[in-house]
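To keep things clear, I will list the structure first and then write my remarks on it.
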2 protein chains.
Amino acid sequence: MARPSRTDLAVLGALSVQPMSGYAVRAAITETLGHFWSESFGQIYPALARLEAAGLVRAAADGRTSGRVFEITDDGLARLRALLAEPDEPAPPRNGLLLRLFFGRLLGPEVCRGLVRDVRARAEASLSTYAALRREVEAEPDAGNRAYFLVTVAAGEHGARAQLAWADEALALLAAADDPGAH
Amino acid sequence: MARPSRTDLAVLGALSVQPMSGYAVRAAITETLGHFWSESFGQIYPALARLEAAGLVRAAADGRTSGRVFEITDDGLARLRALLAEPDEPAPPRNGLLLRLFFGRLLGPEVCRGLVRDVRARAEASLSTYAALRREVEAEPDAGNRAYFLVTVAAGEHGARAQLAWADEALALLAAADDPGAH
DNA sequence: ATCAGAACATATCTGCCAGATATCTACAAC
DNA sequence: GTTGTAGATATCTGGCAGATATGTTCTGAT
C-alpha cells in the first residue's frame, strides 16, 4: 500500500490548533512549520476536500472575508493521533549540491568552492533566524508545548552548524585539489 | 519554466563514468551515490529514452546478458556540464520526524523519546558506514577525483554527528517535559 | 544434467507532490 | 474611485517514488 498523504497529517495538525481556511492553513504551515515543512495550495485544497468527505474536518461559519473556515472533528483528531503514531519513513536522499560536487571535476575547483561558499552563507543566515526563533519559543506561554517546539528549533540549529563546519572542511579539501599537480 | 529533470543529470553523470544498461545505472547510483542520491527504475527508463531521442546518449553494443548498454555522446557530456553548472534550488523542507515532534504533545513524551532514540541509533550506524566509506575513498587511486568524493563523505559525517548531538539534546528536553507538573 | 533461485533487465501504473497560473473578493490608501 | 494588497479557491503540468509485472541469463546444488 502506498504511503498515506503527509499533507493530510500537516493539515489536520494545523487545524488542531484552531479552525482556519485553506489559505490560512498554508500561511500557518509556512510561518510556524516553515523551517521543517512546506505545503502548496495544489495539495491543501484537495486534502481539505478529502478530509471533509471523510468527516475528519467540517466547514464552520464563514469568516469575515469570503471563503470557508474548516474545523477539525473528533474523528479528525483521532485520525491525527493515528497518523502521528505511524512510523516516519525517511525520504530517499536527493541532495543536488552533493551530486554536483561528486562530479565536481567536470565543473572545476573554483566553481565548486563557489557552491560551498553559497551554502556556508545560507547556513550562517539560518543560524541567526534560529536564534530569533529560539528566543520566541522560549517566551512561549504554553509550557506544555515549549519542549516540543524547542526540539524542532534545536534540529535546525544543529543542522546549520553542521553545514558550516562541513563547508569549512570542504573549502580546505577543494583548495588542496586546486594544486597544479592534479591532472 | 519547470525545473529540469534531476534524473537526467544523475543518469548522464553515471554514464560519464562508463557505458551501462539502465539496470546498471540504477545499481551504480545506489552503490556509489547512495548516501546523497537515489533513483527509481520508474524514472531511469523514461530518462534514458528521452536522452536517447535527444542524442545525448546512444545504445552501444549489447552486453553479455540481454539488455541495451548506453554510452554518453559528446552532446551528452556538454549537456551534463551545463546541468552541473545550473544553480541547485534546494528542495522545500519536509521532515516527517520534526512534524511529529512538533505535535508531540498529542503523542506523549515517551513515544517522542522513542522516535528520537531511533534517529540516534540510525545516525550511529551511518557514522560507521561513513568511516568505512572514507577509508575506501582515501584509497581511491584516481587522485583527481579524491577531494570531490571526500567532500561528499564529509557531508554525511557532519550530518550524522549533528543528528547525534541533536538527539541527545532532544532527549534531555523531552525528559524535562515529562515532569508531572505538565498538564 | 537439470533445476532452483539469484542476479540481470525492462516496462508500466498509481499516487504524492511542487510550482505555476488563473480567478475572484474585501479592504485600505491615496 | 481606483488601484494595490491581502485573503481566498481551484486547476494543470510534470517530477518523482514505489509497487508490480514479466522475462532472461547465470550459477550452484543436487
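Each chain gets a letter, A, B and so on, in the order the sequences are listed, and its residues count up from 1. All values derive from a computational prediction rather than experimental measurement.
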- Counting N and O atoms only, with roles assigned by atom type, does the side chain of S128(A) sit under 3.5 Å from a partner on the main chain of A125(A), one being a donor and the other an acceptor?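 It does hold such a pair.
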- Okay, side chain of S38(A), backbone of G34(A): is any donor-acceptor separation there less than 3.5 Å?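 No; zero donor-acceptor contacts below 3.5 Å.
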- Task: Take R58(B) and E52(B) through the test salt bridge (Lys or Arg N to Asp or Glu O under 4.0 Å) and record every step on the way to the result.
- Result: CA-CA 6 Å; R58(B) 136 180 20 108; E52(B) 191 183 22; over 6 Å; no
Could you state the atom-to-atom distance from [atom1] of [X] to [atom2] of [N] in whole Å?
| X | N | atom1 | atom2 | value |
| --- | --- | --- | --- | --- |
| E89(B) | dC16(D) | CD | C1' | 16 Å |
| F70(A) | dG7(D) | CZ | P | 18 Å |
| D8(B) | dG15(D) | CG | P | 8 Å |

Which ones in [range] lie close to DNA chain D, meaning a heavy atom under 4.0 Å from one of its atoms?
| range | answer |
| --- | --- |
| residues 42-50 of chain B | G42(B), Q43(B) |
| residues 92-100 of chain A | P92(A), R94(A) |
| residues 15-35 of chain B | none |

Are OP1 or OP2 of [N] and a side-chain N or O of [X] less than 4.0 angstrom apart?
| X | N | result |
| --- | --- | --- |
| R6(B) | dG15(D) | no |
| T7(A) | dC16(C) | no |
| S5(B) | dG14(D) | no |

- Do the non-hydrogen side-chain atoms of S16(A) and F103(B) ever get within less than 4.5 Å of each other? yes
- Taking side chain as C-beta onward, heavy atoms only, is H35(B) less than 4.5 Å from P93(A)? no
- Task: Taking only the side-chain heavy atoms of F41(A) (C-beta and beyond), determine which of dC16(D), dA17(D), dA10(D) contains the nearest atom.
- Result: dA10(D)
- Residue pair H158(A) / E169(B), side-chain donor-acceptor N/O under 3.5 Å: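 Checked: H158(A)/E169(B) side chains pair up, N/O donor to acceptor below 3.5 Å.
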- Task: Only counting residues at least two apart or in another chain, list the ones meeting side-chain hydrogen bond (donor to acceptor under 3.5 Å, both in side chains) with W166(B).
- Result: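 Expected list: none.
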- Note on the structure: By salt bridge (Lys or Arg N to Asp or Glu O under 4.0 Å), D168(B) pairs with (sequence neighbours left out) R120(B)
- Task: Search all heavy atoms of L174(B) against all heavy atoms of P109(B) and return the closest pair with its distance.
- Result: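 Result for this residue pair: O-CB, 4.2 Å.
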- Query: Are R26(B) and E31(B) within salt-bridge range, i.e. N to O under 4.0 Å?
  - Reply: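 Judged by the 4.0 Å cut-off on N to carboxylate O distance, R26(B) and E31(B) do not form a salt bridge.
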- Not counting sequence neighbours, which residues clear side chain to side chain contact (heavy atoms under 4.5 Å, CB included) with F149(B)? List them please.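 By the side chain to side chain contact (heavy atoms under 4.5 Å, CB included) rule, F149(B) matches F102(A), V137(B), E140(B), N145(B).
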